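Side chains are part of it too, since the values below use all heavy atoms of this structure and drop only hydrogens, waters and symmetry mates. If you're wondering where the values come from, they're calculated on a predicted model, not measured in any experiment. Per chain, numbering begins at 1; letters A, B, ... match sequence-line order.
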Amino acid sequence: MTLHVYNTQTKKRESFRPLRDKKVNMYVCGPTVYNYIHIGNARVFVFFDVVRRYLEYKGYEVTYVQNFTDVDDRLIETAQQEGTTVKELAERYIRAYFEDMDALGVKRADVHPKATEHIGEMVEGIRILLEKGYAYERDGDVYYRALKKEDYGKLSHQTLEELKAGARVEVNEKKESPLDFALWKKSKPGEISWDSPWGKGRPGWHIECSAMSKKYLGDTLDIHAGGMDLCFPHHENEIAQSEAWTGKPFARYWLHNGYIKMGNEKMSKSLGNIVRVVELREKYEPRALRYFLLSAHYRNPVSFSFETIHQIERGLERFDTAVTNLHHRMKTAEAGNAEPTVNKRLSELTREFEAAMDDDLNTANAISVLYDAVRFANETVARSVVPRGTLAAILGWLRQFGGEILGLVVDGEEESLEAEIEALIEERQQARAARDFKRADAIRDRLAERGIILEDTPQGVRWRRK
RNA sequence: GGCGGCAUAGCCAAGUGGUAAGGCAGAGGACUGCAAAUCCUUUAUCCCCGGUUCGAAUCCGGGUGCCGCCUCCA
């Protein structure tokens with residue numbers, strides 16, 4: 001099966017074919033680190049983490065780059081307000097970012113380049129753009145000349161005419177056209193700045209992605225991704241710059257995810273209706289947040305609600321009990337390899353899982369396959385006779401697809417119980433054997449209060465933490 | 001004004017021509033000493049009105065409602 005993805009640039013579902021055989025270069029626009037990230041920001045990071053994991057599962061060698069925008073107007077402003085430096089502010093929120101991502105189970109990118117550490121590359125790019133006539137300098141600023149290339153607007157599917165008509169950008173007399181955008185901004189006195197051939201200043205927003213993706217991934221990317229709202233102008237500008245700079249196509253597949261809504265509105269910092277990850281993960285299991293972000297198709301908008309997260313937590317319990325119960329059953333299972341019928345069923349599930357993911361990365365459907373696997377696991381655990389190999393095979397499937405790819409199934413070290421609790425469980429078993437159910441139930445209730453749930457099965461008592 | 005998206009059960013959500021996946025919640029049943037867990041069964045005039053078609057949630061036209069981008073924003 002081939003992976004098919006929806007490409008924003010062509011507005012079509014296309015089969016995915018990287019430039020170089022089994023190597024995939026992907027670049028995902030990372031956060032501007034002037035504040036904590038919210039659940040909407042997290043969607044792109046969690047989703048593309050799954051994309052990356054899935055591509056690796058399919059045998060691709062993925063190089064994943066995600067930048068940090070660590071200098072821009074908002075950072076400068078916030079640092080001033082807080083009486084700190086841009087650098088300190090950025091470092092603080094980069095740390096916070098990684099804490100959030102670790103909690104959400106997002107793997108590190110191969111490279112996390114920072115804008116401030118690539119000023120040289122950006123200056124070089126701007127210099128080339130000037131040389132080629134794609135940029136002009138005005139009083140210490142450098143602007144990109146959007147009208148120079150006819151295809152400006154090709155990503156967001158607007159013609160130059162439409163864009164000109166719709167432009168309601170602030171009047172800036174320095175610009176030749178309102179569609180032009182800053183490559184380099186002259187700094188005000190006291191602001192953080194770098195030297196350049198055009199005087200002291202700092203880079204515009206868009207140029208960093210062009211410069212850093214080129215440095216780490218080359219002129220043409222296989223996948224360039226980000227939130228829908230980056231499509232215009234950010235990505236449009238990146239394409240323009242990069243292609244003007246290198247003369248080569250910038251990205252083969254543009255993937256954009258929809259946003260998280262709060263009620264009826266888009267969740268965004270400017271609207272102030274955000275829910276931060278750092279706060280959510282204190283209240284909910286972070287895995288539930290990850291699940292939530294994967295529960296709908298990535299291009300559809302999704303409404304955030306505490307009710308939904310709560311529902312998801314319940315669903316997650318089923319994954320966990322399935323794993324726990326497999327382990328418990330394995331202890332008394334007889335030796336033996338996985339049965340052919342079981343392997344056949346697992347292959348079927350694998351096919352279904354891949355079909356879902358290959359169809360424009362439909363994680364919602366992939367999750368429903370995960371539930372099928374959980375049901376299969378539960379049915380198997382309930383059998384009176386089952387070889388250990390069968391249970392191990394099912395557990396392995398859940399680990400691989402539910403765990404390694406989706407990051408929703410955990411199968412950690414087996415927990416141990418305090419001696420005191422062990423003793424109580426044993427005492428209850430004796431009471432049950434003596435048919436002293438009052439006593440047995442009293443002990444069970446007591447343990448339940450301490451968060452230990454006991455379940456009696458034909459293979460003996462089973463416990464789990466609530 | 002230009003461009004684009006969405007509307008499926010109480011809730012979340014797949015599905016883009018062949019009489020509606022999955023999850024949560026609810027109901028009934030099986031299992032259990034009782035539970036729990038699990039399994040089985042069950043719950044939808046697919047926003048409205050037309051049209052195309054043997055056949056439409058799906059395509060076309062027209063409505064209604066909501067949202068996004070065009071300005072910092074995942």
Side-chain angles (χ1 to χ4, degrees), chain A residues 11 13 28-32 34 37-48 72-74 77 153 156-159 161-170 178-179 205 225-234 236 256-261 263-271 274 291-293 295-297 299-303 305 307-318 321-322 324-325 328 352 356 359 362-372 374-375 377-379 381-382 432 435-438 440-441 444-445 448 453-458 461-464 466:
Chain A
K11 295 169 100 171
R13 215 167 136 279
V28 175
C29 287
T32 300
Y34 71 108
I37 63 158
H38 58 71
I39 187 77
N41 298 316
R43 186 179 199 184
V44 67
F45 306 130
V46 166
F47 175 69
F48 287 102
D72 86 326
D73 292 347
R74 287 164 299 167
E77 195 181 316
S156 51
H157 304 101
Q158 286 169 291
T159 62
E161 287 313 308
E162 285 165 352
L163 284 164
K164 277 189 260 182
R168 46 188 179 85
V169 188
E170 84 291 355
L179 298 183
W205 176 32
M228 209 83 101
D229 45 3
L230 292 187
C231 183
F232 191 92
H234 184 54
E236 194 72 72
H256 290 102
N257 63 278
Y259 3 72
I260 303 296
K261 299 195 300 175
N264 251 335
E265 284 176 317
K266 174 187 171 187
M267 184 183 292
S268 81
K269 287 172 184 166
S270 46
L271 287 173
I274 61 166
Y291 184 144
F292 166 70
L293 295 171
S295 67
H297 184 89
R299 287 193 285 115
N300 288 150
V302 136
S303 285
S305 86
E307 168 63 18
T308 304
I309 303 290
H310 182 68
Q311 287 181 3
I312 280 169
E313 280 187 317
R314 298 300 310 277
L316 231 32
E317 278 180 33
R318 289 193 56 201
T321 55
T324 307
N325 296 351
H328 180 260
E352 286 168 22
D359 182 14
N362 195 326
T363 52
N365 281 341
I367 288 172
S368 87
V369 177
L370 188 53
Y371 275 101
D372 289 341
V374 163
R375 172 165 292 112
N378 291 331
E379 282 165 5
V381 162
R432 289 184 71 221
R435 302 193 67 76
D436 181 358
F437 295 119
K438 240 180 124 170
D441 292 351
R444 186 171 63 194
D445 291 346
I453 307 296
L454 296 188
E455 296 164 3
D456 300 316
T457 78
V461 66
R462 184 168 73 191
W463 65 270
R464 65 190 165 90
K466 175 106 178 106

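Between the side chain of A/Arg314 and the base of B/G23 there is no donor-acceptor pair of N/O atoms closer than 3.5 Å. Remark: the A/Arg444 side chain and the B/A35 base include a donor-acceptor N/O pair separated by less than 3.5 Å. If you check distances only, the side chain of A/Asp72 never reaches the base of B/C72 with a donor-acceptor pair under 3.5 Å. Side-chain to base pairing of A/Asp372 with B/G22: no donor and acceptor N or O lie closer than 3.5 Å to each other. Scanning atom types as modelled, one donor and one acceptor separated by under 3.5 angstrom connect the side chain of A/Gln311 and the base of B/C11.
The partner of B/A37, taking Watson-Crick or G-U wobble pairs whose two distances both stay under 3.5 Å, does not exist in any strand shown. Pairing of B/U16, defined by two Watson-Crick or G-U wobble distances under 3.5 Å, is not identified with any nucleotide. With a cut-off of 3.5 Å on both Watson-Crick or G-U wobble distances, the partner of B/G10 is given as B/C24. Applying the Watson-Crick and G-U wobble criteria (two distances, each under 3.5 Å), B/C69 pairs with B/G2. When both distances must be under 3.5 Å, the Watson-Crick or G-U wobble mate of B/U32 does not exist.
Using a 4.0 Å heavy-atom cutoff across all strands shown, A/Ile312 reaches no nucleic acid atom at all. Counting any heavy atom pair closer than 4.0 Å across all strands shown, A/Phe437 reaches a base atom. Nucleic acid contact class of A/Ser268 (heavy atoms, under 4.0 Å, all strands): base. Within the 4.0 angstrom heavy-atom criterion, only backbone atoms of the sugar-phosphate kind lie near A/Val302; the bases stay farther away. Residue-level contact check: A/His38 touches the bases, meaning some heavy atom is under 4.0 Å from a base atom. In this structure, A/Arg432 reaches the bases: a heavy-atom distance under 4.0 Å links it to at least one base atom across the strands shown. A/Met267 comes within contact range of at least one nucleobase, with a heavy-atom separation under 4.0 Å.
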Write out a two-atom table: protein N or O, nucleotide N or O from nucleotides 4-7 of chain B, distance below 3.5 Å.
none

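At a threshold of 4.5 Å between non-hydrogen side-chain atoms, the residues A/Phe292 and A/Val302 count as touching. By the 4.5 Å heavy-atom criterion applied to side chains, A/Arg444 and A/Asp456 are counted as neighbours.
Look at the P atom in both B/U58 and B/G50: the space between them is 14 Å, to the nearest Å.
Considering only the side chain of A/Ser368, B/G22 comes nearest among B/G22, B/G33, B/G23.
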